[in-house]
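Take a look at the structure below.
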There are 2 protein chains.
Amino acid sequence: MTKIAFRTRIEDLRRRELIQAAHRVFMQHGLGGMTTKRICEEAGMSAGILSYYFKGKEDVLFAMVRLNNRLLMEAVASGLAQAKTRWGRLQAIIAGNFPEGLFEPNIANAWLSVCAASATNARYARLQRIFYARLQSNLASVFRDVLPDARFKQIALALGTMIDGLWLRRATGEALSPHDSIALVLAVAAALLTEAERAQLQA
Amino acid sequence: MTKIAFRTRIEDLRRRELIQAAHRVFMQHGLGGMTTKRICEEAGMSAGILSYYFKGKEDVLFAMVRLNNRLLMEAVASGLAQAKTRWGRLQAIIAGNFPEGLFEPNIANAWLSVCAASATNARYARLQRIFYARLQSNLASVFRDVLPDARFKQIALALGTMIDGLWLRRATGEALSPHDSIALVLAVAAALLTEAERAQLQA
DNA sequence: CAAAAAACTGAACGCACATACAAAAATTTA
DNA sequence: TAAATTTTTGTATGTGCGTTCAGTTTTTTG
């Protein structure tokens, strides 16, 4: 049992190291430049190690994307937990989608590559769907019982696409701070609501 | 001279055929699945022909992207020419960014791939910059002399990122019609302006 | 401290690819 | 039509990749 425990620890450690190495290589060389050799080198191991801990290169990529998605979703969740009013929840959702230190050109580009690859990769597509469903569900929790369904959907789509668009532009290196991005989306959110609706959300 | 004329015609024809073939392969197999062999097959020619008419594979790709960009920009330009009021120009710009028959998942995905590749490909990045500069300049022609500079920039950014975001979502297969997309962006544009400002734009 | 198991190495293999190129076919020229 | 030129072909070449695996080192077991 000691043996099992230790073996598991080492396995998890190596997997994590490889995933993080893959992430660094991804950031520096893009999706196309991610070779097994580079990943193993970056992790300080030899070329064959990847097949020992993963089924193949595709497996490492998927694990990497899943990890990143989890980090982003957790950032939103932690902010949401503290919010008191519906408007506060909206602020938390928006702010959580532009985390300090994560809203950077290389990370945005990585996300973009995965979006593009989703068209031909079912596993990526599934991750993407989960991610969007979570965002939609979070937004729904803000507007449910306050706005009619059609109106809620329009606003959610407008805010969601703006968030995506801001990430896309960040990927091209445009100088958008998390602060400015959050302010912009919030300003649009405010503009889309009537005064009465806004008051209701702040109650 | 007859010789030169004919030679040029054949050359241009072959280049166009190859570019269109490349475009079809791109749509079907993605950026990663675009091989010279597939392109030449699709064009009904043999494997070596690509090197004869282009410097290499990269050259065909670039020509393809440039052609697509030109088509989109022309769609906007033709709409702009007919508009009378400033608000009409805004409508034309937005509508021109969601052309019927072009706002499709596979085309959106193609554009996304190029955006992602821009990070490591200087030529793509340059095309992207030109494209955005044109959009910005078009928008500026709507708001110049009507809105203060800071306000114009905020609105242009909001609308631009929404357009990008809608294309991105279209790439993931989301069922967004050109009509709904245009309506959404216009609704946001209207919401962002005061009544007085709107009246000014419609004059 | 052996014996056994786990962790790791790095060379080797097969495959897919972009490109080069000599030869062939088609077309133009004189 | 014969020579010259352009156009096209299909194979050959070299490169880089992911994966495999026999063997080596390290760690655990008894």
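FYI, side chains are in, hydrogens and waters are out, and symmetry mates aren't considered; it's all heavy atoms of this structure. Every chain is numbered from 1 and lettered A, B, ... according to where its sequence line falls, protein lines coming before strand lines.
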(message) Any residue in residues 19-36 of chain B with a heavy atom nearer than 4.0 angstrom to DNA chain C? Just list them by number, or reply none.
(response) B:Met34, B:Thr35, B:Thr36
(request) With sequence neighbours excluded, tell me which residues meet side-chain contact (heavy atoms from CB on, under 4.5 Å) with A:Val25. (result) A:His29, A:Met34, A:Arg38, A:Ile39, A:Glu42
(request) Give the rounded distance in Å between these two atoms: NZ of B:Lys55 and C1' of C:dA20. (result) 15 Å
(request) Estimate the overall bend of the helix from C:dC1-D:dG30 to C:dA30-D:dT1 from the end axes over five pairs each, rounded to 10 degrees. (result) 0°
(request) Write down the distance between CZ (B:Arg38) and P (C:dC17), rounded to a whole number of angstrom. (result) 6 Å
(request) Any pair with a residue in residues 70-93 of chain A that passes side-chain hydrogen bond (donor to acceptor under 3.5 Å, both in side chains), sequence neighbours left out, goes on the list, sorted by first then second residue, please. (result) A:Arg89-A:Ser141
(request) To the nearest Å, give me how far apart CZ (B:Phe54) and P (C:dA18) are. (result) 15 Å
(message) Output the rounded distance in Å from CG (B:Leu61) to C1' (C:dT19).
(response) 16 Å
(message) Can you list everything that forms a salt bridge (charged side-chain N to carboxylate O under 4.0 Å, His left out) with B:Glu100? Sequence neighbours excluded, please.
(response) none
(message) Is B:Arg14 close enough to D:dT8 that one of its side-chain N or O atoms is under 4.0 Å from OP1 or OP2 there?
(response) yes
(message) Distance check needed: C:dA5 C1' versus A:Glu11 CD, whole Å only.
(response) 14 Å
(request) In whole angstrom, give the distance that lies between atom NZ of B:Lys37 and atom P of C:dA18. (result) 11 Å
(message) Heavy atoms only, 4.0 Å cut-off, all strands: where does B:Tyr53 land among base, sugar-phosphate and nothing?
(response) sugar-phosphate
(request) Would you mind reading off the distance between A:Leu50 atom CG and D:dC21 atom P, rounded to a whole angstrom? (result) 16 Å
Provide a list of protein-nucleic acid N or O atom pairs under 3.5 angstrom, restricted to nucleotides 9-14 of chain C.
residue: C:dT9; atom: OP2; partner: A:Ser46; partner atom: N; Å: 3.0
residue: C:dT9; atom: OP2; partner: A:Ser46; partner atom: OG; Å: 3.1
residue: C:dT9; atom: O5'; partner: A:Ser46; partner atom: OG; Å: 3.1

(message) Could you check whether A:Arg16 pairs with A:Asp12 (Lys NZ or Arg NE/NH1/NH2 to Asp/Glu carboxylate O, under 4.0 Å)?
(response) no
